[in-house]
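Let me begin by presenting the structure, written as structure tokens, before commenting on it.
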Amino acid sequence: MKITIGKTDKADFPELFLTNIDIKVDTGAYTSTIHSHEISEIIIDGEKYVEFQILDPTHEKYHEKKFKTKHYRKKRVKNSFGKSEQRFVVETIINFFGKDYPIELSLSGRCDMRFPVLIGRKLLKNKFIVDVSKSNLSYSMKKSN
């Protein structure tokens, strides 16, 4: 059975040390995205990693932690203006509705955007139904437990 999700909510990203972070569901986007900066590809002991920070110092949930992962790829993504750009995509976990889901997040500067995380169709497909008249369904469930 598919879960109904609203147009906005709050979710946890345990591997990124983020709780109750604002998300926006974007059925026009295939890939999910998280606001990131200081993104670079580095080599450690001959292996490639992507290193990045999430959010930015102006965000209330910002922490200065730098993340490194070998579990990434590069992907061409169309931004909200229709321009194609190369982005790093990392694998992590999102938790909402009391359940962990694997998610791929493209790393992108979203400092001018209201929501630091966009959830795209790749995560939604076969799991969720979007009701744009609703919001914070997962967060409300979490608070009531």
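What you see below is based on every heavy atom in this structure, not just the backbone, and it leaves out hydrogens, waters and symmetry mates.
Remark: side-chain polar atoms of Asp12 are paired, donor with acceptor, to backbone N or O of Asn20 under 3.5 angstrom. Formation of a donor-acceptor pair under 3.5 Å by the Ser108 side chain with backbone atoms of His35 is not found in this model. The backbone N or O of Ser138 sits less than 3.5 Å from a side-chain atom of Asp9, completing a donor-acceptor pair. Side-chain atoms of Ser144 come within 3.5 Å of backbone N or O of Met141 as a donor-acceptor pair.
The shortest heavy-atom contact between Ile93 and Pro102 is CD1-CA, 4.1 Å. Minimum heavy-atom separation, Val130 to Gly6: CG1-O, 4.4 Å. Minimum interatomic distance between Glu41 and Lys74 (heavy atoms only, all atoms of both residues): OE1-NZ, 3.2 Å. Gly120 and Ser32 make their closest contact through N-OG, 2.9 Å (heavy atoms, listed as atom of the first residue, atom of the second, distance).
Using a cutoff of 4.0 Å between basic side-chain nitrogens and carboxylate oxygens, Arg87 and Glu85 are scored as salt-bridged. Between Lys122 and Glu104 there is a salt bridge, since a side-chain N of the basic residue sits under 4.0 Å from a carboxylate O of the acidic one.
Summarising the geometry, atom CG belonging to Asp100 is positioned 4.5 Å from atom CG belonging to Asn95; distances are rounded to the nearest 0.5 Å. Expressed to the nearest 0.5 Å, how far NZ of Lys2 lies from CD1 of Ile129 amounts to 5.5 Å. Note that CZ of Arg121 is 8.5 Å distant from OG1 of Thr31, once rounded to the nearest 0.5 Å. Interatomic distance, Ile94 CD1 to Leu123 CG, rounded to the nearest 0.5 Å: 6.0 Å. A distance of 9.5 Å separates OG of Ser106 from CZ of Arg73, quoted to the nearest 0.5 Å. Interatomic distance, Ile21 CD1 to Ile54 CD1, rounded to the nearest 0.5 Å: 7.5 Å.
You'll find the side chain of Thr27 stays beyond 4.5 Å of the side chain of Val132, heavy atoms only. Two residues are said to be in side-chain contact when any heavy atoms from C-beta on lie closer than 4.5 Å; Pro116 and Ile34 fail this criterion. Proximity of Leu105 to Phe13: side-chain heavy atoms (C-beta onward) are separated by under 4.5 Å at one or more points. For the pair Ile103/Ile119, a side-chain contact is recorded, criterion being any heavy-atom separation below 4.5 Å from C-beta on. When side chains are defined from C-beta on, Thr33 does not count as touching Asp26, because their heavy atoms never get closer than 4.5 Å. Residues Lys10 and Asn136 form a side-chain contact, since some pair of their non-hydrogen atoms from C-beta on lies under 4.5 Å apart. Residues Phe96 and Ile23 meet the side-chain proximity criterion, which asks for heavy atoms closer than 4.5 Å.
Residues Tyr139 and Phe128 fall into different hydrophobic clusters, defined by Ile, Leu, Val, Met, Phe, Trp and Tyr side chains chained together at heavy-atom separations under 4.5 Å. Using a 4.5 Å cut-off between side-chain heavy atoms of Ile, Leu, Val, Met, Phe, Trp and Tyr, with links allowed through other members, Val90 and Tyr101 fall into the same hydrophobic cluster. Linking ILVMFWY side-chain heavy atoms closer than 4.5 Å, directly or via other members, places Ile39 and Val117 in a single hydrophobic cluster.
Counted within 6.0 Å of NZ on Lys75, heavy atoms from surrounding residues, nucleotides or ligands total more than 12; the atom is thus considered enclosed. Crowding of His63 atom NE2: a count of heavy atoms from other residues, nucleotides or ligands under 6.0 Å exceeding 12. More than 12 non-hydrogen atoms from other residues, nucleotides or ligands lie less than 6.0 angstrom from CZ of Phe67.
Scored by the side chain to side chain donor-acceptor pair (under 3.5 Å) test, His37 finds Gln53 as partners (sequence neighbours excluded).
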Can you give each donor-acceptor pair under 3.5 Å made by side-chain atoms of residues 43-52, sequence neighbours left out, with the distance rounded to 0.1 Å?
| unit_1 | atom_1 | unit_2 | atom_2 | d |
| --- | --- | --- | --- | --- |
| Glu47 | OE2 | Lys70 | NZ | 3.4 |

*For Leu137 and Ile5, run side-chain contact (heavy atoms from CB on, under 4.5 Å): C-alpha distance rounded to whole Å, both residues' side-chain angles, the deciding distance at 0.1 Å, then the answer.*
CA-CA 6 Å; Leu137 297 176; Ile5 187 169; 5.5 Å; no

